[in-house]
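Take a look at the structure below.
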Amino acid sequence: MDYKQTLNLPKTAFPMKASLSQREPEVLKRWQAIGLYGQIRESSKGRPRFILHDGPPYANGNIHIGTALNKILKDMVIRSRQMNGSDAPYVPGWDCHGLPIEHQVDQELGDKKKGMTRVEIRKQCRAYAEKYVEVQKEEFKRLGVLGEWDNPYLTMKHSYVATIVREFGKFALDGSLFKSKKPIYWCSTCKTALAEAEVEYEMRTSPSIYVKFPLVSDISGDFPSLKGKKLYLIIWTTTPWTIPANLAVALHPAFEYVAVEIGRDEVFIMARGLLENTMEALGIKEYEILAQVDPMRLEHKLCYHPLYKRQSPVILARHVTLDAGTGCVHTAPGHGREDYEVGLDYNLDIYSPVDDDGRFVYDVEFFAGMFVFDANSAVMAKLAELGTLISKESIEHTYPHCWRCKEPVIFRATEQWFISMEKAGLRQKALRCIDQVTWIPAWGRDRIYGMIENRPDWCISRQRSWGVPIVAFYCKECGKYLITREIIDHVSGLFELHGADIWFEADNSVLLPEGTTCPECKGNTFEKEEDILDVWFDSGVSHTAVLESRDYLTWPADMYLEGSDQHRGWFHSALLTAAGTRGRAPYESVLTHGFVVDGKGEKMSKSKGNVIAPSEIINRYGGEILRLWVAASDYQDDVRISEKILKQLTDAYRRIRNTSRFILGNLGDFDPEADAIPYRNMLEIDRFALHRLQGLVRQARAAYDSFEFHAVYHDLYNYCTLDLGAFYLDVLKDRLYTSPATSTVRRSAQTALNTILDTMVRLMAPILSFTAEEVWAHMPGTDVRSASVHLTQLPEVNETFLDDELAGRWESILLLRGEVSKALEEARGQKIVGHALDAAVTLSLPEEFGAVVKPNADELRTVFIVSRVNILAGEELPARLASPPASPERERGRAGESVAGRSDAYRSTGIPGLAVRIDPAPGEKCERCWIHDRSVGADGLHKTICARCLKVLKAGERVM
RNA sequence: GGGCCUUUAGCUCAGUUGGUUAGAGCGCACGCCUGAUAAGCGUGAGGUGCCUGGUUCAACUCCAGGAAGGCCCA
């Protein structure tokens, strides 16, 4: 007879092999078909809301691994909050305007662009954005991210654009808005402003000149040794044409400067660290240091301009370096980024006397009308003529060039729009708002605080086509700009209906409210502004464009969740726009994650070849593995990814999957409604398992509460391996397989298993959303369950399953089990036994420990999974077991070696006083349950079967 | 160059307020099983706690300096 057929072996349709890349799309299809997102919304009506407001990714290109990390994290936050008693809707969004798209479209259009109107270009850009919104949408869905995908927010939608105008209007009307000059990259061939991303650095030969600036101020009071000398600050530059715009000479406040006499009573001042280099460049061999000069004492002193009859002050600036030059830096605030910044500090004019063609304007003495690069030699000649040029060479260096025409570009100040950090107290408002927010991790607060504290005014204008127009008019009579509440209301209304294209299509009779007159000069003819808004303003106001416009969302959001770069980006622009218009932050909390780096912790880059695309992982391993990777990582730091890490995660995934599968297999004939055993009637070990399960629930819920998904992962995984695999499930096999199918003892185990799986599956649902759903579908009692695990709630700690007294005893048994395992391993090594069921275990228990374990003595055989357990009472102990180890330092197991015989006792170190002896179990091995028992062979018919199994068989026969 | 941050076994992570021999799982090695089987179980070996100083009876933990890496500026 084939006794295997009489066993209750696991049986389930749940496949061991996950085939994630095939199965996941099916799960997604089903979610779509049953309208899962809508069902969740419906089922959670009236619950407290949790609003995670999505930061809009830029609608350009495929998603990368960092985007995937971000979106999956968001999904886990949403799902765990949703399953935690909240109503957590998720409205994804996209950032659609801006340079990268316009730049892409520019490249695709090539020369065709020249003949196109702005509106036509904008149409192309819109189509481009639309395309990538769809591409990315599918990619996000594939990650298992659940949300309102059929109604996302787009920053280019009419209603959104109208909101942008209204929010912009608030800054215009509260006095924050102003116009000022700022240097930007300018291509004088294309006559256009360029963004940083549009300049390419190429080698170019430029002049390299040293110029002396005669010091006007007498500093001999501070430096007596310089009395009566002719003092000069020496500067070095590669752009002689910017000398006419020089307004200052900058020194570093912390560098050492020296005054050096070079003969003829001429004294040059420069940084000590660059003295030798400079002297060599100037060809001066003999010189004498007369004094050390403290740069702080030179601040605000004056020099003559080397060309003109005006004076330039000495200023202090930290951007001065010792890499090249003299440590005295020619400063033209209208022609350099750092010059501009320091110019603001010293209230210098942003002077930039160059027109759109790159020519000096009419009032520039000597050089009016000259193209700047042609003016280089003229400037040098004039300097030489005036005796202020002291060296002239040329240099090869990298210089910015226009991406389109490849000509060198210049830095040139142009009129820009700014939102002031001070005029309406924006900086102070924003700083105050920061402390109303919970920053996770906490250092996010200091980071953004420092940024807001130090940032310059917000330059919000761009000379581009693809964006939201700055709604402003200029009076043709007096030139003043005009922005009024009426204009904002009127234009935002137009945008709401027609979109922002109308700004470029319609004329002022449409764009201006009827009867608009200039309040300054009463003029009534106007010109509209052509600049567009910085896209950070677009996305910055999403809190109002999205949260305030959908009645199922709330303002402020409960959470913003983005990478840590967004302290300078979206968190920042959202804070400014909300603080300025509403006086508080648009978020209650801000959670940031690190960046994805490679296995060595280094940044991913194409050139390093260490980039891993999400699609690659999805195709090879499945989206679930990507989700598990996100869950397993501590996102507060940078997150590593590598083949090795993915391999580890697939192993971990299989473990969780197989554990679920094994339980499902043993629940194949279990109907929870009909077969469950009341808790009080369950076996102790099953009750202990339920007690331990509550520990998992407690830990996992706490981890979810604080968004520590990696703790959930570790707890869940360790639970599968330790609590279940290494103990409970292993012990349970004998009972599940060999007991009568409907027996109380087997039903008791199944009741526990059902609760365990039901708990596990809901705990894993926010992380392993696909697999949890798959398990859910295979669980017994499906007809009385929700259609999806994602419609259920996280398990709560069930107090009725807590029994500390019982748990205490069983923890001791577990400890004992560990020691027995070691003894068995030793015996295996000595070939006394193979499988544990070959063994009989004899224990000599220390008194106190023995008392604890005693009530469960009969269960030890099954807990150890051995054939027999003998417990020796203290007085019965053989002498060799009773005597303490000769010395505590002696290695384990050696205590018994002095005694002859193969079954030396194992002497425990974990439980002092415990000795374990392993012998081959007496009796034959039962063919059915594999336990060695003396009763095997007693039955005439079933000669290879033990008494216990015989009983089961007999009972089965009767039933049959 | 500046601001913020990170650094614990090969990997992913734990480690209360400074206090015994720094933990877990995986991976690895060895063994068992073949009734979770492209599975399962057991045992074991792995750590200069990034480095250097300092405070302290005592430092992975506190302080200073440095290194490597990351984000944001310049």
Side-chain angles (χ1 to χ4, degrees), chain A residues 3-5 7-12 14 16-17 252 254 318-323 337-338 341 441-451 453-455 563-569 572 592-603 628-629 631-634 636-652 654-655 657-666 708 710-711 713-715 717-722 724-727 729-734 736-738 817-818 820-829 831 833-838 865 928-930:
Chain A
Y3 293 107
K4 189 172 169 180
Q5 298 306 314
L7 295 171
N8 313 301
L9 294 178
K11 205 178 156 194
T12 176
F14 185 88
M16 176 179 278
K17 193 164 186 293
H252 196 290
R318 299 205 157 262
H319 69 263
V320 175
T321 71
L322 295 176
D323 295 343
R337 182 68 184 277
E338 289 154 329
E341 302 285 348
W443 50 257
R445 185 257 173 214
D446 291 343
R447 189 169 155 103
I448 196 164
Y449 197 94
M451 289 173 176
E453 206 173 19
N454 295 314
R455 68 154 296 148
S564 58
D565 56 334
Q566 298 304 327
H567 287 112
R568 166 69 58 180
H572 194 111
T592 51
H593 60 256
F595 274 65
V596 181
V597 293
D598 71 8
K600 289 183 218 134
E602 288 180 19
K603 179 159 86 170
L628 199 59
W629 164 70
S633 309
D634 181 359
Q636 299 204 356
D637 194 1
D638 288 334
V639 177
R640 293 180 184 215
I641 194 162
S642 66
E643 285 302 325
K644 186 172 180 174
I645 291 167
L646 288 167
K647 162 82 168 56
Q648 167 166 293
L649 288 163
T650 54
D651 286 350
R654 271 204 296 274
R655 179 57 174 221
R657 184 180 180 88
N658 274 331
T659 303
S660 307
R661 178 172 182 269
F662 179 74
I663 298 176
L664 282 174
N666 284 295
E708 290 173 306
H710 69 283
Y713 159 78
H714 277 280
D715 291 343
Y717 182 62
N718 281 341
Y719 180 77
C720 285
T721 7
L722 297 174
L724 296 183
F727 173 58
L729 297 183
D730 206 23
V731 168
L732 228 45
K733 284 175 197 166
D734 174 71
L736 286 166
Y737 297 172
T738 67
R817 187 175 187 263
V820 170
S821 278
K822 290 188 174 104
L824 281 167
E825 186 63 24
E826 211 168 81
R828 242 192 305 268
K831 306 285 180 207
V833 293
H835 195 284
L837 282 175
D838 299 341
I865 321 182
R928 184 168 179 275
C929 71
W930 293 347

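Only a predicted model underlies this, so the values are computations on that prediction, with no experimental measurement involved. Quick note: numbers below take in every heavy atom, side chains included, and nothing from hydrogens, waters or symmetry partners. Order of the sequence lines fixes the chain letters, A, B, ..., with proteins taken first and strands second; residue numbering starts at 1 for each chain.
Look at rC11(B): its Watson-Crick or wobble partner, with both distances under 3.5 angstrom, is rG25(B). rA68(B) is paired with rU6(B) under the criterion used here, namely a Watson-Crick or G-U wobble arrangement in which both key atom distances are under 3.5 Å. Applying the Watson-Crick and G-U wobble criteria (two distances, each under 3.5 Å), rG47(B) pairs with nothing in any strand. For rC30(B), the paired nucleotide is rG42(B), the pair qualifying as Watson-Crick or G-U wobble because both relevant distances are below 3.5 Å. Nucleotide rU61(B) forms a pair with no other nucleotide shown, judged by Watson-Crick or G-U wobble geometry with both contacts under 3.5 Å.
Atoms CZ (Arg828(A)) and P (rG44(B)) sit 12 Å apart, rounded to a whole Å. Protein atom NE2 of His593(A) is 15 Å distant from nucleotide atom C1' of rC72(B), rounded to whole Å. Put simply, NZ on Lys17(A) is 11 Å from P on rA38(B), counting in whole angstrom units. In this structure, the NZ atom of Lys647(A) is 15 Å from the P atom of rU12(B), given to the nearest Å. Here the P atom of nucleotide rG44(B) and the NZ atom of Lys822(A) are 5 Å apart, to the nearest Å. In this entry the distance linking CD of Glu825(A) with P of rC33(B) reads 11 Å, nearest Å. Rounding to whole angstrom units, CD1 of residue Ile865(A) and C1' of rC32(B) are separated by 12 Å. The distance between atom CD of Glu341(A) and atom P of rA74(B), rounded to the nearest whole Å, is 7 Å.
At the heavy-atom level, His714(A) lies under 4.0 Å from base atoms of the strands shown. Within 4.0 Å of Ser642(A), counting heavy atoms only, lies no atom of the nucleic acid at all. Among the heavy atoms of the strands lying under 4.0 Å from Glu338(A) are primed sugar atoms or P, OP1, OP2 only; no base atom is included. Using a 4.0 Å heavy-atom distance criterion, Ala632(A) is classed as a sugar-phosphate-only contact. Arg928(A) comes within contact range of at least one nucleobase, with a heavy-atom separation under 4.0 Å. Contact annotation for Leu7(A): base contact, defined as any heavy-atom pair under 4.0 Å involving a base atom. Residue contacts for Leu824(A): at a heavy-atom cut-off of 4.0 Å it reaches no nucleic acid atom on any strand shown. Nucleic acid contact class of Ala836(A) (heavy atoms, under 4.0 Å, all strands): none. Counting any heavy atom pair closer than 4.0 Å across all strands shown, Gly834(A) reaches sugar-phosphate atoms only and no base atom. Base engagement by Lys733(A) is indicated by at least one non-hydrogen atom pair under 4.0 Å involving a base atom.
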Stepwise salt bridge (Lys or Arg N to Asp or Glu O under 4.0 Å) check, Asp565(A) with Arg568(A):
CA-CA 6 Å; Asp565(A) 56 334; Arg568(A) 166 69 58 180; over 6 Å; no
Salt bridge (Lys or Arg N to Asp or Glu O under 4.0 Å) between Arg828(A) and Glu825(A), worked out:
CA-CA 5 Å; Arg828(A) 242 192 305 268; Glu825(A) 186 63 24; 3.1 Å; yes
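When atom types are taken as modelled, the side chain of Asn8(A) and the backbone of Leu736(A) share a donor-acceptor pair closer than 3.5 angstrom. With hydrogens and angles ignored, the 3.5 Å screen pairs no side-chain donor or acceptor of Trp930(A) with any backbone N or O of Asp838(A).
The glycosidic torsion of rG54(B) lies more than 90° away from 0, which places this base in the anti conformation.
Separating the C1' atom of rA9(B) from that of rA14(B) is a span of 13 Å, rounded to the nearest Å. rA74(B) and rU48(B) have their P atoms separated by 42 Å, with the value rounded to a whole Å. The gap from the P atom of rA45(B) to that of rG40(B) amounts to 24 Å, rounded to the nearest Å. Distance noted for atom C1' between rC50(B) and rU8(B): 10 Å (whole Å). Of the P atoms belonging to rA67(B) and rU55(B), the separation is 23 Å, rounded to the nearest Å. For the P atoms, the distance from rG53(B) to rC11(B) is 26 Å, rounded to whole Å. Nucleotides rC62(B) and rU21(B) have their C1' atoms positioned 24 Å apart, rounded to a whole Å. rU56(B) and rG18(B) are spaced 16 Å apart, taking the P atom of each and rounding to whole Å.
Side-chain proximity of Asp651(A) to rG27(B), rC32(B), rU43(B): nearest is rG27(B). Counting only heavy atoms from C-beta on, Gln648(A) has its side chain closest to rG25(B) among rC71(B), rA38(B), rG25(B). Of the candidate nucleotides rC11(B), rC13(B), rG35(B), rC11(B) has the atom lying nearest to any side-chain atom of Lys644(A). For Leu9(A), the side-chain atoms get nearest to rG35(B) when compared with the rest of rG35(B), rC13(B), rG42(B). Closest approach to the Asp730(A) side chain among rC13(B), rG40(B), rU43(B) is made by rG40(B) (side chain taken as heavy atoms from C-beta onward). The side chain of Ser633(A) lies closest to rC13(B), out of rC13(B), rG35(B), rC11(B).
At rG25(B), none of the side-chain N or O atoms of Tyr713(A) fall inside 4.0 Å of OP1 or OP2 (strictly under the cut-off). A sub-4.0 Å separation between OP1 or OP2 of rU12(B) and a side-chain N or O of Arg655(A) is absent. For rA14(B), one of the phosphate oxygens OP1 or OP2 lies less than 4.0 angstrom from a side-chain nitrogen or oxygen of His710(A). Look at Arg661(A) and you'll find a side-chain N or O under 4.0 angstrom from OP1 or OP2 of rU37(B).
The shortest distance between side-chain heavy atoms of Arg655(A) and Tyr717(A) falls below 4.5 Å.
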Does the protein touch nucleotides 60-70 of chain B at the base, only the backbone, or not at all? Give it as B, S and - per nucleotide, heavy atoms under 4.0 Å.
---------SS
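Tyr737(A) and Phe662(A) have perpendicular rings, their planes meeting at more than 60° on a 0 to 90° scale where under 30° would count as parallel.
Sequence order on RNA chain B of the closest nucleotides to Ser821(A) and Arg568(A) puts Ser821(A) first from the 5' end. Both Asp446(A) and Asn658(A) sit near RNA chain B, but only Asp446(A) has its closest nucleotide nearer the 5' end.
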